[in-house]
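To keep things clear, I will list the structure first and then write my remarks on it.
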Amino acid sequence: MMGKDVEEVSASLVREYLSRKGLKKTIARMDEELPRTNSSINNRSDLRRILHLEGYLKAVCQQVIVPSRTPSEIMRKSFAVHPDSERSEYCSSSSQDSLLTVSKEGFPSEKKVVDTDSQKNRSSRIRRGIMAGPIASSSQVMNVVNEHFIFLKPQSVISAQSDMISVLSCLIQALKEIIFGSPLACFTEEWKQQNFTFSDTPGLKYGIVQKKGGPCGVLAAVQACVLQKLLFEESSNDSLVSNVLRTKCLSQALADILWRAGNMKRATVAISLFTPVGRYKSDGILEMITYVTMETLDDLTSVLEQHIRQFESGPFGCILLTVSAILSRTIATIQSDMDVPTSTLIGAHGYCTQELVNLLLCGWAVSNVFDDEMKLDSGNGNFTLLKGIKAHCNIGLLSLFEHYNICKVGSHLKTPKFPIWVVCSESHFSVLFCPSEDLATDHCREEEFDLYFYDGLANQQEPIRLTVCESFPLDSDLIPPLELCIRTK
């Protein structure tokens, strides 16, 4: 199979699986984005014949007395194993040199190998896998976080199927435990509905719109990184912010976030998605994620550009970025970043914890915002190590908690490389920024300067400009929280 034929077979497999699961709305949405043509495969028998699964399906039915499964279920559940097992790619009898890749729509497709050496180099930089299945023992979790999967010939299936299910199950459980603290928790509707859609309000086209409360920490971090791209790398003002430009900046901002999380060496992108079984509560999201791992920033940016619609306008954009950041950093590393390894990334009421915000802003899921580390004497020669921000960040952070002496924000966040700050105030995150990059280094010399404030949840109708000067009055009960945050700077 080559070219268009591969695309039609891939689309048919996806439609077959969705039909089997009764996901009519998803099928309808897919038909809108990828319309059927005269060459589409709409017959199950034809699909089996094209994939050369008829003989294998009979063998499976003879070994296990269960109702026959669809070709897509056989492909998804049976042809993936741990990479330490036999490493021969699945392929049809008419083609022995095809590899599984990710198409622009996010579905698997076959790609003809032209040059073995170049493909080997390419595949060493991009690895692929699918997460799905029931929950297994949590003792296996840390052994599978960084594993990736390849597709095998049918003869390797029976011996490897149970290992594959166990590995994938552990990864899903590990994700839920690091995000919520329990495999029984699920994403709230506020998270499920949130993506990175931009505002169409004149003067605010750079702004990402927040639909409901909850994931504001993720949105503010991404908003700040998008502003960095727009203001200081694209040198754009709002009158020049086109839809193409802001989408490009969003792709680049997400790439920077994930590349930092991967320690500038690797990054994983979670892209949407295919239903689970097992003793835990399913939210229909984590159980169906396809992910791609890159080992160069160029590859990462390219994949994000191809799939940016899922983040910008898809229903789970905010969740996909969160999962991508976790997989890029790895669960084991995130736990070692935290002061308490059992901490979570999403706290009460679906709010982002400081660990998640720090992960997106700085690349470390540390629990504090002061500089470097702090040792607390625990007595008897013991001490407790508290971890903070290791170096100056591109984006800063200001917190109302510092005004109330609850925390101390260090200079690494107060004086970022770019004059952009995420603001934590009254259980909500928003953004302050200045279009002049000189403010990041010369703010102490300025007697008066302007800052702009953006809150994606506030339904702003125009830009909010704040003039900051040295002669502001002393403490007053009438001073708004935002000004109190600015004063901490």
Problem set entry | Candidate pair Ile208 and Phe196, rule side chain to side chain contact (heavy atoms under 4.5 Å, CB included), full reasoning | CA-CA 6 Å; Ile208 297 172; Phe196 300 106; 4.2 Å; yes
Exercise. Of all residues at least two apart in sequence or in a different chain, which pass the side-chain hydrogen bond (donor to acceptor under 3.5 Å, both in side chains) check with Lys387?
Worked result: none
Exercise. Residues two or more places apart in sequence or in another chain: which of them pass side-chain hydrogen bond (donor to acceptor under 3.5 Å, both in side chains) with Thr353?
Worked result: Glu355
Inter-residue atom distance [X].[atom1] - [Y].[atom2], 0.5 Å rounding:
X      : Y      : atom1 : atom2 : answer
Glu7   : Ser39  : CD    : OG    : 8.5 Å
Ser430 : Leu457 : OG    : CG    : 10.0 Å
Leu204 : Ser199 : CG    : OG    : 5.5 Å
His307 : Ile271 : NE2   : CD1   : 4.0 Å
Ile179 : Leu286 : CD1   : CG    : 5.5 Å
Glu295 : Asp299 : CD    : CG    : 9.0 Å

Would you kindly say whether [X] and [Y] are connected by a side-chain donor-acceptor distance under 3.5 Å?
X      : Y      : result
Thr197 : Glu312 : no
Glu177 : Gln173 : yes
Thr268 : Thr293 : yes
Thr333 : Thr330 : yes
Glu233 : Gln228 : yes
Ser313 : Asn195 : no

Problem set entry | Arg36 atom CZ, neighbour heavy-atom count above 12 within 6.0 Å | yes
Give the minimum heavy-atom separation between [X] and [Y], together with the two atoms involved.
X      : Y      : value
Leu361 : Leu397 : CD1-CD1, 4.2 Å
Leu34  : Ala11  : CD2-CB, 3.8 Å
Arg260 : Leu360 : NH2-O, 3.1 Å
Val422 : Ala220 : CG2-O, 3.8 Å
Pro435 : Leu231 : CA-CD1, 4.3 Å
Ala325 : Ala261 : O-CB, 3.9 Å

Find out whether [X] and [Y] are in side-chain contact, i.e. whether some heavy atom of one side chain is under 4.5 Å from a heavy atom of the other.
X      : Y      : result
Ile420 : Phe232 : yes
Phe198 : Leu250 : yes
Phe311 : Leu254 : yes
Val292 : Met294 : yes
Trp259 : Met264 : yes
Asn368 : Asn358 : no
Gln210 : Gln194 : yes
Cys393 : Leu413 : yes

Are the side chain of [X] and the backbone N or O of [Y] linked by a donor-acceptor pair below 3.5 Å?
X      : Y      : value
Ser343 : Asp339 : no
Ser367 : Met338 : no
Thr188 : Gly350 : no
Asp371 : His412 : yes
Lys176 : Gly181 : no

Problem set entry | Asp298: salt bridge (charged side-chain N to carboxylate O under 4.0 Å, His left out) partners, not counting sequence neighbours |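 For Asp298, no residue satisfies salt bridge (charged side-chain N to carboxylate O under 4.0 Å, His left out) once neighbours in sequence are set aside.
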Problem set entry | Partners meeting salt bridge (charged side-chain N to carboxylate O under 4.0 Å, His left out) with Asp337 (sequence neighbours left out) |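 For Asp337, the residues satisfying salt bridge (charged side-chain N to carboxylate O under 4.0 Å, His left out) (neighbours in sequence not counted) are Arg329.
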Problem set entry | Criterion side chain to side chain contact (heavy atoms under 4.5 Å, CB included) on Val218 and Trp191, from CA distance to verdict | CA-CA 10 Å; Val218 174; Trp191 277 83; 3.8 Å; yes
Problem set entry | Partner of Glu234 under salt bridge (charged side-chain N to carboxylate O under 4.0 Å, His left out), chosen from Lys248, Arg246, Lys229 |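 Passing option: Lys248.
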For this session: Identify, with sequence neighbours excluded, every residue that meets ring pair (Phe, Tyr, Trp, His ring centres under 6.0 Å) alongside Phe370.
Result: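 None.
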For this session: Return the set of residues passing ring pair (Phe, Tyr, Trp, His ring centres under 6.0 Å) with Phe433 (not counting sequence neighbours), or none when no residue passes.
Result: Tyr206, Tyr452
For this session: Test side chain to side chain contact (heavy atoms under 4.5 Å, CB included) on Trp364 and Ile334 and set out the steps.
Result: CA-CA 7 Å; Trp364 314 295; Ile334 288 176; over 6 Å; no
Exercise. Could Asp31 and Arg15 be called an ion pair, given the rule that one side-chain N must be under 4.0 Å from one carboxylate O?
Worked result: yes
Exercise. Could you go step by step and tell me if Leu300 and Leu258 meet the side chain to side chain contact (heavy atoms under 4.5 Å, CB included) rule?
Worked result: CA-CA 9 Å; Leu300 174 61; Leu258 298 181; 4.2 Å; yes
Exercise. Between Phe316 and Phe187, does a ring-ring contact (aromatic ring centres under 6.0 Å, His included) hold up when you go through it step by step?
Worked result: CA-CA 10 Å; Phe316 308 127; Phe187 286 102; 8.9 Å; no
